[in-house]
Amino acid sequence: MATKTAPPPPRQMYQTRSAVRSSRIAFGALLLRDLVVLRKHLREFIPRTIVQPLLLCFVFLYVFPTIGTGVGGRGGAAGESAFATTLVAGVVGLTIMFQGIQAVALPMVQEFGYTKEIEDRVLAPLPVSLVALEKVAFGAIQGMLAACIVFPIAAVVHARSIHINLSVHWAVLVTLVPLACVACSALGLTFGTIFDPRNVPLMFGIIILPLTFLGGTYYAWTTLSPVTLWGVHWLQILVLVNPLVYINEGSRAALTTSGHMTLWAVYPALVAFTAFFLWLGTANFRRRVIS
Amino acid sequence: MVSSNGDTPAAADVIHTSDLTKVYPGGVAAVDGMNLTVYQGEIFGLLGPNGAGKTTTASMLTTRVIPTSGRALVGGIDVVKQPAVAKQLIGVVPQTNTLDRSLTVWENLYFHGRFFGMGARRSRAAADELLVKFRLQERADAPVTALSGGLAQRLMVARALLHEPAILFLDEPTAGLDPQSRIGLWEIVGSLHESGQTVVLTTHNMEEADQLCDRIGIMDHGQILALGTSDELKRLVAADTIVTVTADGDLERLAQVLRDDVTDVDATTILDGMVQVAVRGTDRVLVRVIGAAEDAGFAVRDVQVAPPSLETVFIDLTGKELRD
């Protein structure tokens, strides 16, 4: 062909909704589908959510103090109570974190790995990134539900000698918990799009265990300063890369009267982690489903 | 080329592509400058061996693969620029089972409708209706994991049709199905055709293409080599009779002998243990071919005579068999 004709203008032949309207409707429907599935699986969701925090509180706050080996016991009942207060807030943070993994990462690994359901989901009439963000929203909802279920357990299961110094700071609670839930859900999206089914044990072994043990669940970040090497507070500095630290410190600020990292650091760090994991997770998701 | 496609979409085009190209990392062009038009109400088949570029073509048209260059319109909508709008017009039945395992058979249909913007009542009614139409109503509350391959496939077709798409994509729809399910699916496609549904199906099964499709595009190496109705494609082969000779010995020499000694031989192709001879005319073809082979000292073990098929067309175009 000597001269190239201009491409024809797109013509609308069929009735369609605008991309914005179609995306909004599809996003809502995807969320509805996930909530229906959650309702079907409540009998799995509740035990999965409460067993770990229940055991943590039972062993650390009931069994140990009762048999005389309570953590913080050198400080007497007051020391044990201080530890209990630290742990209760940490348990809420840890629960939110695990929801991100269990509600988003593990199902996504399965869907990419062998069920292939995700391939149908991305044909729904909304941008692929929104399919990923819907998973994050649903994971965050589960995180909030889990936090609501776990907090009363953590506050109640302990030995009689222990007094937990709870004091709810509502402004912090209602902003920090949703933010923490979105952050962990976005982390779940990132893990869910990176790991395949064969690598799940690796994910738990080398990433999730260090994240949880070094996430300030059992101790406050502010109390780590005695851990030094050549005068450097290396552990206190190192764990700053762990998002769980900010969640647990924020949880302490929201629920207890004990010392915690300044909220001026907690909020910006959590916002930054959330933005980073949302970006990375969504980009990975797109790469996995679109070529 | 039997039929060519201009750059301007006609009134009833459902799909229109111009110079559509996909080069995957590594530099191989899976689809190479494809110009394709699919008209409303037709069953269009992309026929070719595995790796020909059929699925990549379908994936570009369904927004799953981003073209490297060129343009694709579905229902007049650019699939790259407006994927969320284009997807409203598309129904897809993929090769793998992508049913929602957390939902029942009925719920798979119902939620699909909701994803595509149907209200609760309308989606419920459509799900009920399609369950009856696809004879799945007795399994409405069953988990989809309990369905056989054929039933799962039927449910995926029902799901893809629920939002009344302008175009239905069937990607190798009968691969892996037992013969009975395959016939069942062919019947479904036939009834869709009667109802005016536009369908694009990819297949490497020439019988399927021959039986179901109004027009067929034969693909290899990312390009459409020929396009037309089954009869038009078969007429591309100048020969009237295809004789397939199975014999021992040097098949290259046998092919040479047949070309030289049998009159009106159009072409010979060496296949696995066989020589295929395309002959113009039908007069005493069998006797002439066997005679020439045996005169040259070949022991002929089997001979088959057939009119040209899509398989012949494919061999004629590419020099290789379609079946893998």
Side-chain angles (χ1 to χ4, degrees), chain A residues 1 3-41 44 107 110-112 114-131 134 286-291, chain B residues 6-9 11-14 16 18-19 22 24-25 40 56 59 62-66 71 73-78 81-92 94 96-103 107-108 110-118 120 123 156 159-160 163 165-167:
Chain A
M1 202 185 294
T3 54
K4 195 143 181 80
T5 51
R11 290 168 310 115
Q12 182 83 33
M13 303 188 329
Y14 298 91
Q15 211 172 12
T16 51
R17 293 185 176 85
S18 74
V20 173
R21 191 166 143 70
S22 161
S23 302
R24 192 168 50 76
I25 293 171
F27 190 92
L30 288 170
L31 206 53
L32 178 70
R33 177 262 172 208
D34 282 344
L35 289 170
V36 167
V37 172
L38 177 65
R39 194 182 62 193
K40 280 186 178 187
H41 295 160
E44 292 162 33
Q110 277 191 338
E111 288 185 19
F112 275 125
Y114 71 98
T115 70
K116 306 284 182 198
E117 284 168 30
I118 206 81
E119 291 186 14
D120 179 65
R121 223 49 50 76
V122 300
L123 292 169
L126 72 171
V128 167
S129 317
L130 284 182
V131 177
E134 185 277 330
R286 271 190 69 83
R287 194 173 44 77
R288 292 286 295 266
V289 296
I290 299 225
S291 44
Chain B
D7 270 4
T8 312
D13 296 356
V14 182
H16 185 84
S18 42
D19 298 327
K22 178 64 185 180
Y24 283 116
Q40 202 165 34
T56 300
S59 299
T62 54
T63 75
R64 294 287 310 280
V65 170
I66 310 280
R71 192 153 180 260
L73 304 179
V74 170
I77 292 160
D78 191 312
K81 289 182 184 153
Q82 294 183 281
V85 180
K87 281 192 274 190
Q88 295 171 41
L89 301 174
I90 294 168
V92 181
T96 48
N97 181 339
T98 59
L99 292 169
D100 192 332
R101 286 163 175 77
S102 305
L103 301 177
E107 287 170 334
N108 261 276
Y110 171 75
F111 279 105
H112 181 89
R114 300 299 303 271
F115 298 159
F116 282 81
M118 293 165 80
S123 192
M156 286 204 289
R159 181 179 67 175
H163 62 287
I167 182 140

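Heavy-atom basis, side chains included; hydrogens, waters and symmetry copies ignored. Proteins get letters first, then strands, A, B, ... in listed order; numbering begins at 1 in each.
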- line: Whatever's closer than 4.5 Å to a heavy atom in chain A on B:K81 counts as neither
- prompt: What part of B:L99 is in contact with chain A, defined as an atom under 4.5 angstrom from a non-hydrogen atom: side chain, backbone, both or neither?
  reply: backbone
Please check this pair: side chain of [X] against backbone of [Y], looking for a donor-acceptor N/O pair closer than 3.5 Å.
X: A:E117; Y: B:R101; value: yes
X: A:K40; Y: B:S102; value: yes
X: B:K87; Y: A:A124; value: yes
X: B:R64; Y: A:S291; value: no

Any non-hydrogen side-chain atom of [X] less than 4.5 Å from a side-chain atom of [Y]?
X: B:N97; Y: A:K116; value: no
X: B:D100; Y: A:R33; value: yes
X: B:H163; Y: A:P125; value: no
X: A:Y14; Y: B:I77; value: no

Which atoms of [X] come close to chain B, meaning under 4.5 Å heavy atom to heavy atom: side chain ones, backbone ones, both, or neither?
X: A:V37; result: side chain
X: A:V36; result: side chain
X: A:L126; result: backbone
X: A:R121; result: side chain
X: A:I118; result: neither

task: Identify the heavy atoms of B:T63 and A:I290 that sit nearest to each other, and give their distance.
output: O-CD1, 3.6 Å
B:F116 to A:R17 - nearest heavy-atom pair and separation: O-NH1, 3.5 Å
message: Which one wins on heavy-atom pair count under 4.5 Å against chain A: B:T62, B:T96, B:I66?
response: B:I66
For chain A, the option from B:H112, B:R114, B:R159, B:E107 that forms the most heavy-atom pairs under 4.5 Å: B:R159
- prompt: Under 3.5 Å, is there a donor-acceptor pair between the B:Q88 and A:S22 side chains?
  reply: yes
message: Can you tell me how far apart CZ (B:F115) and CG (A:L32) are? Round to the nearest 0.5 Å.
response: 8.5 Å
task: May I have the step-by-step check of side chain to side chain contact (heavy atoms under 4.5 Å, CB included) for A:T16 and B:L89, ending in yes or no?
output: CA-CA 8 Å; A:T16 51; B:L89 301 174; 3.6 Å; yes
- line: Looking only at A:V128, A:I25, A:V122, A:L130, most heavy-atom pairs under 4.5 Å shared with chain B are made by A:V122
message: Below 4.5 Å, heavy-atom pairs only: which of A:A29, A:S23, A:A26 has the largest tally toward chain B?
response: A:A29
